[in-house]
Participant: 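My questions will all concern the structure given below.
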Amino acid sequence: MGSLRQHLLEKGYVRIPLKSVGTGHLKFDARINGVDGEFILDTGASNTCIGFEDLERFKLFAEDSDIKAAGAGAIDMLTQLSQNNRIEIGDWSTKKASIVLFDLSHVNTALTNHDAEPVSGIIGADILKQGKAVIDYQYDCFYLKKQ
């Protein structure tokens with residue numbers, strides 16, 4: 001029987017390495033609208049999120065949103081929504097990603113308190129579902145299926 005990696009690569013998946021940080025989070029590199037950033041993989045976040053401070057950096061056009069951000073110790077935070085963004089993770093990409101903008105400072109404060117570098121945002125279950133993600137915790141990586 002072949003390995004999980006071999007099986008998924010044969011099925012058209014792309015392998016993305018993950019880096020563990022002091023908080024227990026897993027980070028990886030991605031590009032949003034052609035701009036590089038570091039992101040946390042968060043299966044518990046329903047939406048992909050970026051901090052308000054990176055709105056212009058990632059070329060996002062945002063409108064006020066009815067989505068209330070909750071979780072990670074904060075509830076009912078105001079958000080904005082940016083639609084039809086291009087996200088590239090390794091050799092996988094989508095052109096129709098919605099990104100929620102909110103105050104990411106509590107996440108980055110937690111990271112810097114654990115001597116970890118701040119991140120640009122969170123890649124959530126929306127992208128993981130779209131990419132039919134398979135997470136391999138044993139080998140610190142995840143896989144996304146090419147469309």
Side-chain angles (χ1 to χ4, degrees), residues 4-5 8-9 11-114 116-147:
L4 175 66
R5 178 177 183 168
L8 291 172
L9 294 177
K11 295 282 184 202
Y13 279 78
V14 175
R15 182 179 187 273
I16 296 102
L18 292 166
K19 297 178 287 249
S20 189
V21 296
T23 55
H25 291 98
L26 298 168
K27 290 200 303 192
F28 63 97
D29 298 320
R31 292 167 69 97
I32 294 184
N33 299 325
V35 180
D36 292 327
E38 261 198 328
F39 296 85
I40 287 175
L41 179 73
D42 190 346
T43 59
S46 49
N47 302 95
T48 290
C49 306
I50 287 180
F52 285 123
E53 65 276 9
D54 283 328
L55 174 76
E56 290 178 6
R57 180 177 160 218
F58 288 110
K59 305 172 189 158
L60 302 174
F61 176 76
E63 299 173 296
D64 286 339
S65 162
D66 291 335
I67 299 168
K68 287 277 191 271
I75 51 166
D76 286 351
M77 293 187 296
L78 291 175
T79 64
Q80 289 185 311
L81 183 64
S82 176
Q83 294 178 303
N84 299 317
N85 296 285
R86 180 174 178 81
I87 296 183
E88 297 165 89
I89 304 170
D91 289 335
W92 182 90
S93 68
T94 179
K95 290 181 181 150
K96 52 182 190 274
S98 292
I99 296 173
V100 173
L101 287 114
F102 78 117
D103 181 358
L104 200 65
S105 59
H106 64 287
V107 173
N108 280 323
T109 297
L111 288 169
T112 53
N113 284 346
H114 285 83
E117 293 295 313
V119 293
S120 303
I122 295 164
I123 300 290
D126 53 346
I127 295 298
L128 298 175
K129 202 167 183 180
Q130 196 178 330
K132 297 179 173 65
V134 175
I135 302 170
D136 186 341
Y137 289 101
Q138 183 180 355
Y139 293 105
D140 289 331
C141 65
F142 72 108
Y143 298 85
L144 295 171
K145 187 166 176 52
K146 277 192 175 177
Q147 296 165 332

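Everything numeric in this text was worked out from a predicted model, so none of it was measured. Just so you know, residue 1 is the first one in the sequence shown, and it goes up from there.
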Participant: Given 3.5 Å as the limit, does a donor-acceptor pair link the side chain of T48 with the main chain of G124, or not?
Facilitator: yes

Participant: What distance separates R31 CZ from I89 CD1, expressed to the nearest 0.5 Å?
Facilitator: 12.5 Å

Participant: Which residues pass the side-chain hydrogen bond (donor to acceptor under 3.5 Å, both in side chains) test with T109, sequence neighbours left out?
Facilitator: none

Participant: Distance check, rounded to the nearest 0.5 Å: Q80 atom CD versus L60 atom CG?
Facilitator: 10.0 Å

Participant: With the side chain counted from C-beta on, respond yes when L128 and L41 share a heavy-atom pair under 4.5 Å apart, and no when they do not.
Facilitator: yes

Participant: Could you tell me whether a side-chain N or O of N33 sits under 3.5 Å from a main-chain N or O of F58, the two making a donor and an acceptor?
Facilitator: yes

Participant: I need the minimum non-hydrogen distance between L101 and S82, along with the two atoms involved.
Facilitator: CD1-CB, 4.0 Å

Participant: Return the CG to CD distance between D29 and E88, rounded to the nearest 0.5 Å.
Facilitator: 12.5 Å

Participant: For S93, which residues count as a side-chain hydrogen bond (donor to acceptor under 3.5 Å, both in side chains) partner, sequence neighbours excluded?
Facilitator: none

Participant: Heavy-atom distance under 4.5 Å between the side chains of H114 and V21, does that happen here?
Facilitator: no

Participant: Evaluate side-chain contact (heavy atoms from CB on, under 4.5 Å) for L4 paired with Y13, printing each intermediate quantity in order.
Facilitator: CA-CA 11 Å; L4 175 66; Y13 279 78; over 6 Å; no

Participant: Would you say D126 and N47 are linked by a side-chain donor-acceptor pair, where the criterion is simply a distance under 3.5 Å?
Facilitator: no

Participant: Is there side-chain contact between S120 and I50, with heavy atoms separated by less than 4.5 Å?
Facilitator: no

Participant: Kindly write out the residues that satisfy side-chain hydrogen bond (donor to acceptor under 3.5 Å, both in side chains) with S46, not counting sequence neighbours, or none if the list is empty.
Facilitator: none

Participant: Residues two or more places apart in sequence or in another chain: which of them pass side chain to side chain contact (heavy atoms under 4.5 Å, CB included) with A110?
Facilitator: none

Participant: To the nearest 0.5 Å, what is the distance between NZ (K132) and CH2 (W92)?
Facilitator: 10.0 Å

Participant: Rounded to the nearest 0.5 Å, what's the gap from CD1 on I122 to OG1 on T43? Could you check?
Facilitator: 11.5 Å

Participant: Might you point out which heavy atoms bring P118 and T112 nearest each other, and give the distance in Å?
Facilitator: CD-CG2, 4.0 Å

Participant: Sequence neighbours excluded and cut-off under 3.5 Å, please list the side-chain donor-acceptor pairs for residues 135-147, or say none.
Facilitator:
unit_1 : atom_1 : unit_2 : atom_2 : d
D136   : OD1    : Q138   : N      : 3.2
D136   : OD1    : Y139   : N      : 3.2
K145   : NZ     : K11    : O      : 2.5

Participant: Are V119 and F39 packed together at the side-chain level, in the sense that at least one heavy-atom pair is separated by less than 4.5 angstrom?
Facilitator: no

Participant: With sequence neighbours excluded, what pairs up with E38 under the side-chain hydrogen bond (donor to acceptor under 3.5 Å, both in side chains) test?
Facilitator: K19, K27

Participant: Would T23 and I40 satisfy side-chain contact (heavy atoms from CB on, under 4.5 Å), going step by step from the backbone distance to the final call?
Facilitator: CA-CA 11 Å; T23 55; I40 287 175; 5.9 Å; no

Participant: When rounded to the nearest 0.5 angstrom, what is the spacing between CD1 in I99 and CG in N85?
Facilitator: 4.0 Å

Participant: Could you check if a side-chain atom of L111 sits within less than 4.5 angstrom of a side-chain atom of N108, using non-hydrogen atoms only?
Facilitator: yes

